[in-house]
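Before any comments, here is the structure.
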Amino acid sequence: MRVFNFAPGPATLPLPVLEQVRDELTDWNGTGMSVMEVSHRSKAFIRVAGEAEELLRELLAIPANYKVLFLQGGATGQFAAVPLNLARADSTVDYLNTGAWSKKAIGEARRLVARVNVLADEASSSYTTVPEAGTVRFTPGAAYAHYTPNETIGGVEFGYIPESTEVPLVADVSSTILSRPLAVARFGLLYAGAQKNIGPAGLTVVIVREDLLGKARPGTPQVWDYQAQAQDGSMLNTPPVFALYVAGLVLRWLKSEGGLAAIGARNRAKAELLYRTIDTSGFYRNPVAVSCRSWMNVPFVLARPELDPSFLAEAKAAGLANLEGHRSVGGMRASLYNALPLAGVQALVDFMKDFQRRHG
Ligand code: PMP
C-alpha cells in the first residue's frame with residue numbers, strides 16, 4: 001500500500017522506478033548480481049553512469065562547456081567545496097541570505113574565506129521574500145556569488161535568476177533542480193543533493209563551467225577538488241553506485257514523462273491547486289509573499305495551532321504522509337516534488353477541506 005509522501009527529502013520516488021529496482025534487485029542485467037555488487041569500473045556500470053550524465057545533460061540542456069560531476073557529501077559538502085574550489089582564503093565572495101539553507105552555506109564560507117559579503121538578507125520579512133529582481137549588485141572582483149533559488153524549509157523561491165555578468169553565479173538547487181527548465185548557461189556552478197528530485201540520498205550533482213575548474217586552493221582534499229573529479233569522470237574513488245543507478249532510472253522516467261517543460265507545467269498546476277486551497281480557506285495560511293512562493297515546498301499553518309497534532313494524525317490515517325513542518329518552524333509543509341502526482345495534491349486538498357469542515 002503506497003501513501004502519498006510529502007516528505008522534503010529523502011522524498012517520494014516514481015513508482016515505476018521503484019518497481020524496476022525491485023524487479024532487477026537480485027539479478028541486474030543478467031549478471032546474477034545486484035547493481036550494488038558490481039564493480040564501479042566494470043563496463044556495465046560505466047554505461048549506467050554515462051547514461052545518467054547524458055540524460056541529465058539532455059533534460060537540462062547543459063551546454064558542452066560544463067562538466068557534470070557525481071559526488072558524495074550532499075549539498076552540505078558543497079557549502080565547503082565551493083569556497084575551496086573557487087575562492088582563496090583572502091578572496092571576497094558574495095552571498096544572498098533568503099533563509100535556513102542560505103545561512104548554512106554562509107556559515108561554511110565564513111570558515112574558509114576572509115570576506116563574505118551578505119548582499120541581501122531577508123530577515124526583515126522573516127525570510128518570506130527574496131530580493132526584488134534587479135536590486136542585487138554583485139561585488140566587482142568577487143570570486144563568486146552564491147544564492148539558494150529555493151529554500152526548502154521556508155518555501156521561498158526566486159522567480160528569476162539574478163543578473164551576473166562578471167561574477168560567477170553559484171546556486172544551491174537541491175530542492176528545485178529538474179522541477180522546470182533552467183537556463184544553465186546563466187550560472188558558473190550548480191549543485192544539488194539528489195534526495196529530492198534526482199534519486200536516493202548519497203549522491204550529489206555538481207554542474208560546473210569548465211573555466212572554473214583547476215582553481216582549488218592548495219590543501220583541498222582530492223575528493224572535493226572539481227578538477228580532480230572531472231579528470232577521473234567522478235570515479236576518483238568509489239561512487240555511490242546504487243544511488244547513481246536509481247538516479248539514472250529517475251532521469252529516464254522524467255524523459256518519458258515529457259521532460260522538464262511537461263513536468264514544469266504539472267508542478268505549476270500542483271502548486272497552484274494547493275496555494276489556491278490555502279488562500280481561499282480562511283483556515284489555512286501560507287506566510288510567503290505570493291511572488292516568492294515555492295513550487296516544491298509549501299509550508300502552511302492552521303488558524304488553530306492546537307489542531308496540528310490531529311491534522312497530522314488524521315492526514316496520516318488518510319494516506320497522506322510526512323506533512324509536518326521542519327522542526328525549526330513547526331506547522332505543516334507539503335513537498336510536491338516531481339514524483340508526487342497531481343492526484344496526491346488533490347487528495348491533500350480534499351482532506352484539508354474535510355478537516356476544516358469538521359474542525360474549522
Ligand atoms: N540545501 C538545501 C536547499 C536543502 O534543502 C538541503 C537539504 N534539505 C541541503 C542544502 C542540505 O543537503 P544535504 O543533506 O544533502 O547535505
Side-chain angles (χ1 to χ4, degrees), residues 40-41 46 49 53 56 62-97 101-119 138-149 162 164-174 177 184-194 201-241 243-244:
H40 59 292
R41 307 219 182 263
I46 287 179
E53 173 172 345
L56 190 69
I62 299 174
N65 63 326
Y66 285 73
K67 292 282 189 213
V68 171
L69 307 178
F70 293 121
L71 307 179
Q72 300 184 59
T76 304
Q78 294 308 309
F79 293 166
V82 166
L84 286 172
N85 278 274
L86 305 188
R88 295 184 313 268
D90 62 354
S91 294
T92 295
V93 296
D94 289 343
Y95 278 74
L96 307 183
N97 185 359
W101 291 111
S102 303
K103 232 171 274 176
K104 294 223 173 177
I106 291 166
E108 199 70 337
R110 286 205 167 115
R111 293 154 46 84
L112 293 162
V113 184
R115 278 186 299 280
V116 177
N117 292 328
V118 179
L119 294 184
F138 295 118
T139 310
Y144 64 85
H146 179 283
Y147 81 114
T148 311
S164 186
T165 40
E166 315 244 305
V167 180
L169 193 58
V170 174
D172 172 2
V173 288
S174 293
I177 190 169
V184 173
R186 300 276 301 274
F187 298 88
L189 187 148
L190 296 158
Y191 65 89
L203 174 70
T204 313
V205 171
V206 173
I207 301 166
V208 54
R209 213 173 56 213
E210 280 168 354
D211 62 286
L212 298 175
L213 295 174
K215 298 178 178 215
R217 69 176 73 175
T220 301
Q222 287 281 285
V223 291
W224 294 121
D225 183 327
Y226 298 143
Q227 167 88 327
Q229 287 283 13
Q231 265 165 5
D232 278 0
S234 306
M235 295 217 190
L236 185 149
N237 67 326
T238 315
V241 288
L244 194 41

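Heavy-atom basis, side chains included; hydrogens, waters and symmetry copies ignored. Index from 1, following the sequence.
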[X] and [Y]: which non-hydrogen atoms are nearest, and at how many Å?
{"X": "L213", "Y": "A230", "result": "CD1-CB, 4.2 Å"}
{"X": "P168", "Y": "A143", "result": "CD-O, 3.4 Å"}
{"X": "L244", "Y": "A49", "result": "CD2-CB, 4.1 Å"}
{"X": "A228", "Y": "L236", "result": "CB-CD1, 3.6 Å"}
{"X": "P162", "Y": "L96", "result": "CG-CD1, 4.4 Å"}
{"X": "D90", "Y": "A114", "result": "CA-CB, 4.1 Å"}

Exam field: side chain [X] to backbone [Y], donor-acceptor pair closer than 3.5 Å:
{"X": "R115", "Y": "V93", "value": "no"}
{"X": "Q72", "Y": "T238", "value": "yes"}
{"X": "T139", "Y": "A142", "value": "no"}
{"X": "N65", "Y": "E210", "value": "no"}
{"X": "D232", "Y": "S234", "value": "no"}
{"X": "R41", "Y": "M235", "value": "yes"}
{"X": "S174", "Y": "G193", "value": "yes"}
{"X": "N117", "Y": "D94", "value": "no"}
{"X": "R217", "Y": "A87", "value": "yes"}

Are the side chains of [Y] and [X] in contact, using a 4.5 Å heavy-atom criterion?
{"X": "L189", "Y": "Y226", "value": "yes"}
{"X": "F70", "Y": "E53", "value": "yes"}
{"X": "Y191", "Y": "L71", "value": "no"}
{"X": "V118", "Y": "K103", "value": "no"}
{"X": "Q78", "Y": "W224", "value": "yes"}
{"X": "V208", "Y": "Y66", "value": "no"}
{"X": "I106", "Y": "F79", "value": "no"}
{"X": "D172", "Y": "H146", "value": "yes"}

*What is the distance from atom CD of Q222 to atom CD of Q229, rounded to the nearest 0.5 Å?*
8.5 Å
_R88 side, atom CZ; K215 side, atom NZ - distance, nearest 0.5 Å_ = 9.5 Å
*side chain to side chain contact (heavy atoms under 4.5 Å, CB included) assessment of L69 paired with V205*: CA-CA 6 Å; L69 307 178; V205 171; over 6 Å; no
*Take I62 and I207 through the side chain to side chain contact (heavy atoms under 4.5 Å, CB included) test and state the conclusion after the steps.*
CA-CA 8 Å; I62 299 174; I207 301 166; 3.8 Å; yes
*What about the rings of Y144 and Y95, do their centers lie closer together than 6.0 Å?*
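For Y144 and Y95, the ring centres are under 6.0 Å apart.
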